[in-house]
Amino acid sequence: MSTEVMASPLSQRVLQMAESETLKMAAMARELKAKGFNVINLSLGEPDFDTPVHIKEAAKKALDEGHTKYTPVPGTVELREAIKVKFKRDNDLDFNINQIVVSNGAKQSLTNIFFSLLDPGDEVIILAPYWVSYSEIVKLAEGVPVILKSDIEQDYKVPASEIAAAITDRTKAVLFSSPSNPTGMVYSKDELKAIADVVAQHENIFIVSDEIYEYINFGEKHVSIGAFDNVRDRTITVNGFAKGYAMTGWRLGYIGGPQWLADACGKIQGQMTSGANSFSQKAAAYALLADMTPTYEMRDAFLKRRDMVIELLSKIPGIKTNKPQGAFYIFPDVSAYFGKSDGETTIHDANDFCDYLMTKAHVAVVSGAAFGADKCFRLSYAASEEDLRAAVARIGEVLAKLK
Ligand code: PMP
Ligand code: GLU
């Protein structure tokens with residue numbers, strides 16, 4: 001037998017790509033659970049609520065009525081009409097339906113955007129802490145992620161002046177989510193205006209604004225950066241159904257943006273997926289224009305849990321939290337534990353910290369390193385109050401052993 005190490009048959013593209021840390025932690029938690037461990041999984045950013053009944057009924061009706069065929073590649077006219085109304089109603093954004101593209105989740109929407117915009121070496125400024133997939137999608141499209149960090153003392157907000165300083169001849173886009181995954185931070189109207197004013201000075205730079213947590217916002221009314229006149233034509237607004245309507249498994253996201261970009265996204269999608277699921281689109285069109293009470297009830301439940309978890313975590317020394325204004329994540333700084341040991345395991349960084357919680361407390365969370373914040377971890381409080389209480393109690397117990 002040859003002793004030569006076989007070169008991998010895989011492409012450099014895939015070899016260089018990091019696995020999604022959120023999905024990896026969720027899979028690890030499921031695996032441990034299957035082996036009989038009592039794992040509490042706070043790793044995945046997924047509402048624990050079921051999709052509201054009226055939306056499920058709309059999908060069942062769509063199936064019964066035979067909506068089981070391919071739809072137009074950019075989405076059904078019915079759904080794009082509903083999104084057009086939603087953009088105007090909630091976001092003060094004016095798009096015609098040809099500027100709207102529906103995809104298999106906001107993840108695919110983002111992939112379409114960067115495959116459409118980037119040539120090799122083009123830079124995308126990503127405001128950190130950022131959602132894990134941003135940097136990998138940009139790299140997959142042969143772009144270069146330029147990460148601008150911020151920490152808990154700044155409430156995880158990157159000042160517009162730092163964006164201005166990071167712009168180069170190769171900058172193609174600025175990308176961020178607000179409300180933010182992973183921090184729950186929400187940029188204020190003034191902060192968004194400052195970012196818009198910076199980008200407006202550079203006519204070849206686009207804003208990609210991921211607003212998938214729009215409806216899980218505990219503070220002021222949501223503001224879309226694309227509604228500022230000086231960047232209206234240069235903002236691509238990304239949204240989806242996964243979070244606000246608890247429809248993660250339905251795989252539906254969408255964008256509104258310049259016509260040429262929407263056309264490009266449709267072209268890519270036409271070769272890759274042929275568009276999104278037919279009966280999901282039918283139900284989604286209904287959801288957007290239907291009673292939003294279930295969405296607001298979920299938001300209120302998340303707010304209650306946020307306050308509860310912050311209160312419980314505040315009793316554990318060394319865990320520094322802020323007060324997120326949206327989404328369903330808490331993103332504590334735990335650098336006070338670095339260098340400590342329980343006699344068996346030493347915590348060097350956020351990855352060790354999360355491994356320690358997983359192995360010793362059987363609580364799954366995600367290391368901040370995956371989000372561009374290596375002093376932190378992300379806890380998703382999209383879980384029952386009972387599980388959240390138990391998880392924080394377990395975390396407190398195992399952390400008390402670190403000296
Ligand atoms: N953007 C952010 C900020 C997210 O947290 C997620 C989570 N899934 C997505 C995009 C992708 O959403 P979808 O499930 O619609 O692909
Ligand atoms: N967006 C969610 C999260 O951050 C779902 C998992 C994923 O797609 O990354 O956990």
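Values below: every heavy atom of this structure, side chains too, minus hydrogens, waters and symmetry copies. Here, residue 1 is the first one in the sequence, and each next residue gets the next number.
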Exercise. Do the ring centers of Tyr187 and Phe176 come within less than 6.0 Å of each other?
Worked result: yes
Exercise. Can you name the closest pair of heavy atoms from Asn322 and Ile310 and give their distance?
Worked result: O-CD1, 3.5 Å
Exercise. Cationic tip of Lys84 within the cone over Phe87's six-membered ring, i.e. under 6.0 Å and within 45° of the normal?
Worked result: no
For this session: Flag the pair Phe371 / Tyr130 as yes when their ring centroid distance falls below 6.0 Å, and as no otherwise.
Result: no
For this session: Kindly determine whether Phe338 and Asp352 satisfy side-chain contact (heavy atoms from CB on, under 4.5 Å), including the steps that lead there.
Result: CA-CA 9 Å; Phe338 298 174; Asp352 288 348; over 6 Å; no
Exercise. Could you give the distance from CD1 (Ile225) to CG (Leu93), rounded to the nearest 0.5 Å?
Worked result: 11.0 Å
Exercise. Is it the case that more than 12 heavy atoms not belonging to Asp169 sit under 6.0 Å from its CG atom?
Worked result: no
For this session: Can you label the angle between the Phe302 ring and the Tyr381 ring as parallel, tilted or perpendicular, going by 30° and 60°?
Result: perpendicular
For this session: Over 60° means perpendicular and under 30° means parallel, so classify the ring planes of Tyr254 and Phe241, tilted if in between.
Result: tilted
Exercise. Taking the side chain from Thr71 and the backbone from Gly75, do they hold a donor-acceptor pair closer than 3.5 Å?
Worked result: no
For this session: Hey, could you give me the CE/CD distance between Met185 and Glu191, rounded to the nearest 0.5 Å?
Result: 8.0 Å
For this session: Kindly state whether the ring of Tyr286 and the ring of His54 have centres lying under 6.0 angstrom apart.
Result: yes
Exercise. Can you check whether Tyr213 and Phe328 have ring centres sitting under 6.0 Å from each other?
Worked result: yes
Problem set entry | Close aromatic pair by centroid cut-off 6.0 Å: Trp260 and Phe206 | yes
Exercise. Is atom NZ of Lys360 surrounded by more than 12 heavy atoms (other residues, nucleotides or ligands) closer than 6.0 Å?
Worked result: yes
For this session: Could you tell me whether Phe377 and Tyr329 have their ring centroids closer than 6.0 angstrom?
Result: no
For this session: Go through the steps to decide whether Phe37 and His362 satisfy the test ring pair (Phe, Tyr, Trp, His ring centres under 6.0 Å), and finish with yes or no.
Result: CA-CA 7 Å; Phe37 292 100; His362 295 145; 5.0 Å; yes
